[in-house]
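Order of the sequence lines sets the chain letters (A, B, ...), proteins ahead of strands, with each chain counted from 1.
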Number of protein chains: 2
Amino acid sequence: MSDGRRPGSDDRKRRSPAPPGTHAAVAVAVDVVPFALREGRLHAALIGVRATEESRLFAFPGGRVQPEESLDVAARRCLERHVPSEGRFLEQLYAFGEPGRDPGSRVVSVAYLALLPRADDADGVHWYPCDDLPPLAYDHGAVADKALERLQGKLAYTNIAFGLLEDGFTLADLQRVYEAVLGRGLDRRNFRKKVLALELVQPLGRVRHGPHRPAELFGFTERALVTVETLLTKKG
Amino acid sequence: MSDGRRPGSDDRKRRSPAPPGTHAAVAVAVDVVPFALREGRLHAALIGVRATEESRLFAFPGGRVQPEESLDVAARRCLERHVPSEGRFLEQLYAFGEPGRDPGSRVVSVAYLALLPRADDADGVHWYPCDDLPPLAYDHGAVADKALERLQGKLAYTNIAFGLLEDGFTLADLQRVYEAVLGRGLDRRNFRKKVLALELVQPLGRVRHGPHRPAELFGFTERALVTVETLLTKKG
DNA sequence: ACAAAAGTGTTCAAAGTACACCCATGA
DNA sequence: TCATGGGTGTACTTTGAACACTTTTGT
């Protein structure tokens with residue numbers, strides 16, 4: 001995640017207009033950063049938004065918060081409208097509210113982090129590797145940075161990885177998830193030792209076959225966010 | 001921090017009304033949780049709000065976000081309107097947006113954590129010990145919980161304590177801050193060792209006198225938030 | 001038989017934890 | 001001289017980090 005700037009000129013109205021009969025001084029929206037793994041790399045889902053000029057911009061799925069829905073519900077709605085795969089994890093990230101972040105109208109946006117077990121294709125959804133995102137609209141560069149930072153942080157002391165992986169993975173699969181998100185390699189033996197000692201995962205009693213020794217398959221012990229002692233320091 | 005519930009009935013309009021001519025579906029406010037130490041205990045600043053019934057409720061300082069101000073600026077404005085002592089630290093906590101959290105109108109409130117070096121008295125401000133808060137309006141019980149949790153967490157791996165202490169403190173003073181916030185005792189020798197090894201503080205070359213051996217005075221090396229290795233695990 | 005990934009233990013270094021005594025001063 | 005809090009060091013335990021070889025299978 002690099003591009004943290006908001007692009008200069010982008011003057012069309014943002015997503016759904018304000019409800020008729022209102023001229024809200026400050027509107028509330030949610031934006032969801034959906035992460036998933038594809039080909040062993042961490043990707044984020046983006047929606048194309050057409051800038052007035054030639055430039056093509058992308059933004060995370062989002063929209064106005066409806067009068068009767070909570071922020072969490074709004075985030076889930078916006079996620080599911082665009083991204084089919086069921087979200088395993090959804091957590092509030094940060095509220096972005098600089099005047100001018102959304103040119104032309106004042107919008108405070110509450111950003112969410114979503115984790116999906118797969119990066120399924122769908123109409124209008126574009127999956128990009130997190131380390132090579134296209135130009136982003138609004139302040140979504142900063143949103144992306146915050147999301148990755150949060151995910152990396154929680155990887156070290158929670159079981160958050162369950163959001164990115166279906167049960168029936170090998171320990172090597174799990175390690176690859178960690179390595180993809182953190183962007184660095186981990187020692188296989190130490191990683192296995194810690195993950196097993198913390199009882200983060202449990203063996204399913206099945207194996208996966210391939211042109212090599214079969215690998216034992218595991219599932220997460222708990223599929224809600226759990227804080228553990230310390231899973232990672234510098235190597236894991 | 002205990003009371004996490006929002007009280008049942010509280011039907012007057014909240015703080016400043018919506019700007020004239022608007023019926024905003026969702027309004028945006030900020031709420032600031034100001035923490036400071038008083039007599040060695042962590043206190044929070046609250047404003048009395050008069051419930052329609054007999055019950056007296058309290059709420060954290062807050063207010064609507066103005067069209068041209070950022071969330072951070074709105075938070076600082078609301079803090080300074082009520083609490084005189086200059087805030088050393090102000091950080092966004094979480095956005096609370098359940099429908100019904102503010103009876104009668106839909107308000108999404110972005111909560112902030114503020115740290116002050118002193119708990120100065122001022123008109124309308126009431127300082128309460130964090131472990132003995134009065135009944136709180138809205139969902140401010142949950143806000144208080146989140147604020148304390150954040151402060152306790154960051155104490156363990158940042159220099160956030162600078163927000164609660166003026167330069168010219170003894171290491172014993174600093175340790176008392178940690179103990180007050182965490183609610184548990186720390187080993188003096190190990191605490192000194194870590195704080196000094198991390199160069200969190202630096203000696204000022206002055207001492208404080210009392211009916212005992214003089215104590216060396218210290219100041220924070222850095223007065224912006226800095227992340228350090230690991231300051232606390234179980235004892236510090 | 002070979003390639004490819006799975007699985008496993010030990011050693012060393014660093015950090016955390018527990019703990020007790022002397023010091024300097026003001027009253 | 002005594003009461004009060006300030007200041008210091010060491011031994012032990014736990015945790016982290018580095019590291020290489022054997023196993024099992026499919027082709």
Side-chain angles (χ1 to χ4, degrees), chain A residues 37 39-40 153 155-158 165 167-180 182 184-219 227-236, chain B residues 37 39-40 153 155-158 165 167-180 182 184-219 227-236:
Chain A
L37 290 159
E39 292 155 19
L155 220 47
Y157 64 94
T158 73
L165 219 44
D167 279 1
F169 51 85
T170 68
L171 289 188
D173 291 337
L174 181 61
Q175 183 174 342
R176 275 187 286 270
V177 171
Y178 275 74
E179 291 176 338
L182 296 173
R184 62 189 169 90
L186 300 174
D187 182 273
R188 182 156 41 106
R189 287 160 290 190
N190 295 336
F191 180 78
R192 297 171 73 93
K193 250 182 291 180
K194 278 212 204 106
V195 165
L196 293 173
L198 293 169
E199 294 181 309
L200 219 102
V201 297
Q202 58 194 179
L204 299 180
R206 293 185 285 128
V207 291
R208 177 189 298 167
H209 290 272
H212 49 69
R213 175 169 174 173
E216 186 163 24
L217 294 178
F218 291 84
T227 298
V228 296
E229 271 306 302
T230 44
L231 177 47
L232 297 176
T233 52
K234 286 208 284 288
K235 305 271 167 179
Chain B
L37 289 159
E39 292 156 18
L155 220 45
Y157 64 96
T158 72
L165 220 43
D167 279 2
F169 50 86
T170 67
L171 290 188
D173 290 338
L174 181 60
Q175 184 175 342
R176 275 187 288 270
V177 171
Y178 276 74
E179 292 175 336
L182 297 173
R184 62 187 170 91
L186 299 174
D187 181 274
R188 182 157 42 108
R189 287 161 291 190
N190 294 337
F191 180 78
R192 296 170 73 91
K193 250 182 292 180
K194 277 215 205 104
V195 166
L196 293 172
L198 293 170
E199 293 181 311
L200 217 102
V201 297
Q202 58 195 177
L204 300 180
R206 295 184 286 126
V207 292
R208 176 189 298 169
H209 290 272
H212 48 70
R213 175 170 174 175
E216 187 163 25
L217 294 178
F218 290 83
T227 298
V228 297
E229 270 307 300
T230 43
L231 176 47
L232 297 176
T233 51
K234 286 207 283 286
K235 306 271 167 177

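To the nearest angstrom, P of dG16(C) lies 18 Å from CZ of R192(B). If you measure from atom CG of L217(B) to atom C1' of dG5(D), you get 14 Å, rounded to the nearest angstrom. Between R184(A) atom CZ and dA17(D) atom C1' there is a gap of 12 Å when expressed in whole angstrom units. As a whole-Å value, the separation of E216(B) CD from dA24(C) C1' is 14 Å. Atom pair D173(A):CG and dA5(C):P shows a separation of 12 Å (rounding to whole Å applied). Following rounding to the nearest Å, L171(B) (CG) and dC23(C) (P) show an atom-to-atom distance of 20 Å. If you take CD of E229(A) and C1' of dG16(D), they are 14 Å apart, rounded to a whole angstrom. Between K194(B) atom NZ and dA15(C) atom C1' the separation is 8 Å, expressed in whole Å.
Side-chain N or O atoms of E229(A) include none that pairs as donor or acceptor with a backbone N or O of L198(A) at under 3.5 Å.
Of all the heavy atoms in D187(B) and Q175(B), the pair that sits closest is C-NE2, 4.1 Å.
In the set dG5(D), dG7(C), dG9(C), the nucleotide with an atom closest to the side chain of N190(A) is dG9(C). Taking the side chain of D187(B) as heavy atoms from C-beta on, and the options dG9(C), dC19(C), dG26(C), the nearest nucleotide is dC19(C). Distances were taken from every side-chain heavy atom of T233(B) (C-beta onward) to each of dA17(D), dT17(C), dG26(D); the shortest belongs to dT17(C).
Put simply, R189(B) has no side-chain N or O that comes within less than 4.0 Å of OP1 or OP2 on dG9(D).
The side-chain heavy atoms of V177(B) and F169(B), taken from C-beta on, include no pair separated by under 4.5 Å. Using a 4.5 Å heavy-atom cutoff, the side chains of L232(B) and L182(B) are in contact.
With the nearest nucleotide of DNA chain C identified for both P214(B) and H212(A), H212(A) has the one nearer the 5' end. If you find the closest nucleotide of DNA chain D to K193(A) and to H209(A), the one lying nearer the 5' end belongs to K193(A).
Across L165(A), D167(A), L196(A), T170(A), a single residue satisfies side chain to side chain contact (heavy atoms under 4.5 Å, CB included) together with F218(A), and that is L196(A).
Contact of R188(A) with dG7(C) (side chain to base): a donor-acceptor pair of N or O atoms is detected under 3.5 Å.
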